[in-house]
Amino acid sequence: MLTIGIVGAGLRGRLFAEALRDQPGVTVVGFAEPSDRVAEQARAATGLPVLPSHTELFSDLDPDAVIIATPDFAHRDAAIDAARGGRHILVEKPLATTLEDAHAIAEEVRAGGGRCLVGFENRWNPHVVKAHGSIARGELGAPITSSAVLSNSYFVPTQMLSWAGRSSPAWFLMPHTLDMLTWFIDSPVASVSAVVTDGILAARGVATSDVVHALVTFESGATANLTSAWVLPDGGQGIVDFRFELIGTAGSVSADLAHQGLTFVTDRSRSEWPLSGAIGRAPVGPAVWMVQQFAAALQDGGDLGPDVEHGLAITRAIRAVEVSAQLGRSVRVDELPAPGNAQGTP
Ligand SMILES: NC(=O)c1ccc[n+]([C@@H]2O[C@H](COP(=O)([O-])OP(=O)(O)OC[C@H]3O[C@@H](n4cnc5c(N)ncnc54)[C@H](O)[C@@H]3O)[C@@H](O)[C@H]2O)c1
């Protein structure tokens with residue numbers, strides 16, 4: 001029996017517990033959650049024990065594997081302690097929001113011997129998987145250029161996330177699209193040129209940026225144009241806008257993942273993300289399939305998905321986006337400081 005502990009009992013932590021409820025050979029042993037209110041919700045929803053900290057979860061319930069579903073800026077401590085104990089880890093994207101945290105986590109995972117999946121859930125998104133398959137088989141020729149939009153309505157930074165002021169569209173949203181296009185193009189990010197705007201959410205009391213645009217050049221020479229904003233109107237058809245296009249030398253692929261042909265509008269509700277909820281008894285959606293593969297692959301030794309080195313590479317590329325926007329010039333990812341070396345563009 002594989003035992004799993006979940007650190008953070010918020011939206012994602014509870015979704016993961018639900019996704020693993022009927023997984024053969026797997027037991028979710030409990031949560032770590034510092035908020036009494038959220039802990040109570042998690043106990044009521046799942047019947048599982050909820051401990052106040054990850055250290056108590058690890059020492060009292062001793063899980064084989066740990067899912068880290070804390071806010072973007074709070075992955076480090078649980079990831080490092082889990083890795084030191086040799087536990088397997090699923091850590092939500094982004095791996096971290098600072099280079100120091102990302103390098104420290106990667107170092108402990110390398111030393112600890114456990115396996116690590118970084119939660120880039122679009123690897124389990126059916127449209128993305130189909131597009132990747134076609135590109136990987138060479139049906140579209142060599143990738144030339146690509147674009148992706150992943151944006152949220154105001155609901156996300158002002159109501160859904162209590163910690164949006166400690167994240168940004170670059171950290172919360174863009175890792176998804178940068179991971180997806182990096183997977184498609186199969187080449188590391190070489191440099192970025194970015195623009196960030198702010199002021200709208202700050203005026204609503206949330207101290208974060210509003211919009212990020214990044215022009216990305218991959219080492220292969222392919223390019224990408226990424227946009228993420230979390231200032232879409234709440235009166236629209238949903239809280240997520242998600243579209244992509246890739247143009248290759250022999251064809252192209254594009255998708256509108258926000259609607260997927262399903263649109264309904266009433267005076268009181270907005271459209272649901274189509275790949276969510278349950279069909280029959282089975283919870284569905286990319287995050288569900290991701291965590292189920294995590295548990296299955298830990299049991300049978302199969303492929304886990306994007307690892308800590310990839311999570312680190314995406315964190316470094318998003319940091320380059322931030323630095324480029326601050327400096328007002330293009331930034332190469334290899335200009336950023338390497339671990340243990342403070343030299344480089346900050
Ligand atoms: N919500 C989404 O749609 C979504 C999608 C993909 C990925 N993610 C990622 O998942 C992670 C969690 O997001 P969420 O939406 O579940 O946030 P959330 O705010 O709903 O849940 C996070 C929980 O972690 C708890 N927490 C904070 N510090 C902790 C600590 N040190 N130990 C244990 N628990 C702690 C908080 O009290 C909170 O209950 C983030 O990194 C986010 O980017 C979220």
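Just so you know, ligand 1 is whichever comes first in the structure, and atom 1 is the first atom listed for that ligand. All values reported here derive from a predicted model rather than from experimental measurement.
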Contact atoms of ligand 1, heavy-atom distance to Ala32 under 4.0 Å: 33 (C), 34 (N)

Between the candidates Trp163, Phe16, Phe31, which shows the shortest non-hydrogen contact distance to atom 13 (O) of ligand 1? Trp163

re atom 3 (O) of ligand 1, the protein heavy-atom contact at minimum distance is Met160 CE, 4.0 Å

Run the numbers for me: atoms of ligand 1, each under 4.0 Å from some heavy atom of Leu161, listed by number. 15 (O)

Sub-4.0 Å atoms of ligand 1 with respect to non-hydrogen atoms of Gly8: 24 (O), 33 (C), 34 (N)

Taking the six-membered ring for Trp, are the ring centroids of Phe294 and Phe16 within less than 6.0 Å of each other? no

Give yes or no for whether the N/O distance cutoff of 3.5 Å, strictly under, is met between Val38 and ligand 1. no

Is the shortest distance from a heavy atom of Lys93 to ligand 1 less than 4.0 Å? yes

Under 4.0 Å to a heavy atom of Val7 - the qualifying atoms of ligand 1, by number: 32 (N), 33 (C)

Would you mind reporting whether Pro169 and Thr208 have side-chain heavy atoms less than 4.5 Å apart? yes

Any idea which protein heavy atom is nearest atom 2 (C) of ligand 1, and the distance to it? Arg12 CD, 3.8 Å

Charged N to carboxylate O below 4.0 Å: is that the case for Arg319 and Glu322? yes

Are Ile185 and Leu246 packed together at the side-chain level, in the sense that at least one heavy-atom pair is separated by less than 4.5 angstrom? yes

Among all protein heavy atoms, pick the one closest to atom 21 (O) of ligand 1 and tell me residue, atom and distance. Gly10 CA, 3.3 Å

Ligand-residue contact atoms, ligand 1 with His75, heavy atoms, under 4.0 Å: 41 (O)

Contact region, Asp77 to ligand 1, non-hydrogen atoms below 4.0 Å, reads neither

Side chain proximity check, Asn152 to Leu232, heavy atoms < 4.5 angstrom: no

Nearest to atom 20 (O) of ligand 1, what protein heavy atom do you find, and at what distance? Leu11 N, 3.0 Å

So does Val284 get a backbone contact from the side chain of Ser276, meaning a donor-acceptor N/O pair under 3.5 Å? no

Can you see which heavy atom on Pro175 is nearest to which on Ile318, and at what distance? N-CD1, 4.0 Å

Touching ligand 1 at all, Arg14? Heavy atoms, strictly under 4.0 Å? no

Check: His310 ring centre within less than 6.0 Å of Phe120 ring centre: yes

Among protein heavy atoms, which lies nearest atom 34 (N) of ligand 1, and at what distance? Pro34 CD, 3.1 Å

Can you check whether Asp72 has an N/O within less than 3.5 Å of an N/O in ligand 1? yes

Quick one: look up the protein heavy atom nearest atom 22 (C) of ligand 1 and list residue, atom name and how far away it is. Ala69 O, 3.5 Å

Could you tell me if the side chain of Pro306 sits less than 4.5 Å from the side chain of Leu117, heavy atoms only? yes

Give yes if a backbone or side-chain nitrogen or oxygen of Thr70 is under 3.5 Å from a nitrogen or oxygen of ligand 1, and no if not. yes

Could you tell me whether a side-chain N or O of Lys93 sits under 3.5 Å from a main-chain N or O of Phe172, the two making a donor and an acceptor? yes

May I ask whether Pro71 places a heavy atom under 4.0 Å from ligand 1? yes

Salt bridge check: are Glu309 and Arg110 linked by an N-O gap of less than 4.0 Å? yes

Test log, rule side chain to side chain donor-acceptor pair (under 3.5 Å), inputs Thr197 and Asp210: CA-CA 6 Å; Thr197 63; Asp210 303 325; 4.9 Å; no

Just heavy atoms, cut-off under 4.0 Å: does Glu92 contact ligand 1 by side chain, backbone, both, or neither? side chain

Qualifying residue, where the test is side chain to side chain contact (heavy atoms under 4.5 Å, CB included) with Trp230 and the options are Val206, Val156, Val211, Leu150: Val156

Geometry only, no angles: is Glu33 polar-contacting ligand 1 at N/O separations under 3.5 Å? yes

